[in-house]
Every structure is written in C-alpha cells, then in structure tokens.
Amino acid sequence: MPEPDRIIRLKTVLHRTGLSRSTVYRKIAEGTFPSQIPISIHGAGWRESAINRWIADPVGFREDTARQAS
C-alpha cells in the first residue's frame, strides 16, 4: 500500500528547493512551480510529491502537465 502524499509547508519547501519565498510565488504565477493547496482557512501547503517532481526536473516542470499526471 503506497504512503499517502504528505503536505509540506513553505519553510520546508524553501529548504528543500533552495529558492527564496518571492521566487517560489513568482514561479507559481508563471506555472513553473507546483501550486499550493489550501489546508485551512489561513493556511496552505504543497504536495510533497509535486515538490519532488519539481526537484527532479525544475527546468521541464509545467503546472498544467503535472496536474494531468496526478
């Protein structure tokens, strides 16, 4: 049985990717970084699997194709 996909917060995303906060949000707007998912009224996070896909191929990542693969 596969493990459920973890939700990771911004601090972890920044640490794992080496990007700055502003770069993460700019890349989200460009569609070249995974989008956040809401986890509460005032909180959001990222699917760990999406971040892992981005880390594996940051140049080739496109949000629209990643959603089709999920």
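- Open room surrounds CZ on R21; 12 or fewer heavy atoms of other groups in view lie less than 6.0 Å from it.
- Contact check for W46 versus I37: no side-chain heavy atoms found under the 4.5 Å cut-off.
- Shortest non-hydrogen contact noted between R9 and A44 is NE-O, 3.1 Å.
- In summary, the side chains of R47 and N52 do not present any donor paired with an acceptor at a separation below 3.5 Å, with no hydrogens or angles considered.
- Using a 4.5 Å cut-off on side-chain heavy atoms (C-beta onward), I7 and E48 make no contact.
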message = Assess the residue pair F33 and V13 against the criterion (side-chain contact (heavy atoms from CB on, under 4.5 Å)); give the C-alpha distance rounded to whole Å, side-chain angles, the decisive distance to 0.1 Å, and a yes or no.
response = CA-CA 11 Å; F33 195 82; V13 170; 3.7 Å; yes

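- The side-chain contact (heavy atoms from CB on, under 4.5 Å) test with P34 singles out one residue from I28, I51, V24, and that residue is I51.
- The main-chain N or O of T17 is never found under 3.5 Å from a side-chain atom of W54 such that the two would form a donor-acceptor pair.
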ask   = Can you list the steps and then say if Y25 with L10 is a side-chain contact (heavy atoms from CB on, under 4.5 Å)?
value = CA-CA 10 Å; Y25 288 111; L10 179 61; 4.0 Å; yes

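- A continuous path of hydrophobic side-chain contacts links I55 to L19 [ILVMFWY only; heavy atoms under 4.5 Å].
- R26 has its side chain within reach of T23: a pair of non-hydrogen atoms, C-beta onward, lies under 4.5 Å apart.
- Between G60 and D57 the shortest heavy-atom distance is N-OD1, 3.1 Å.
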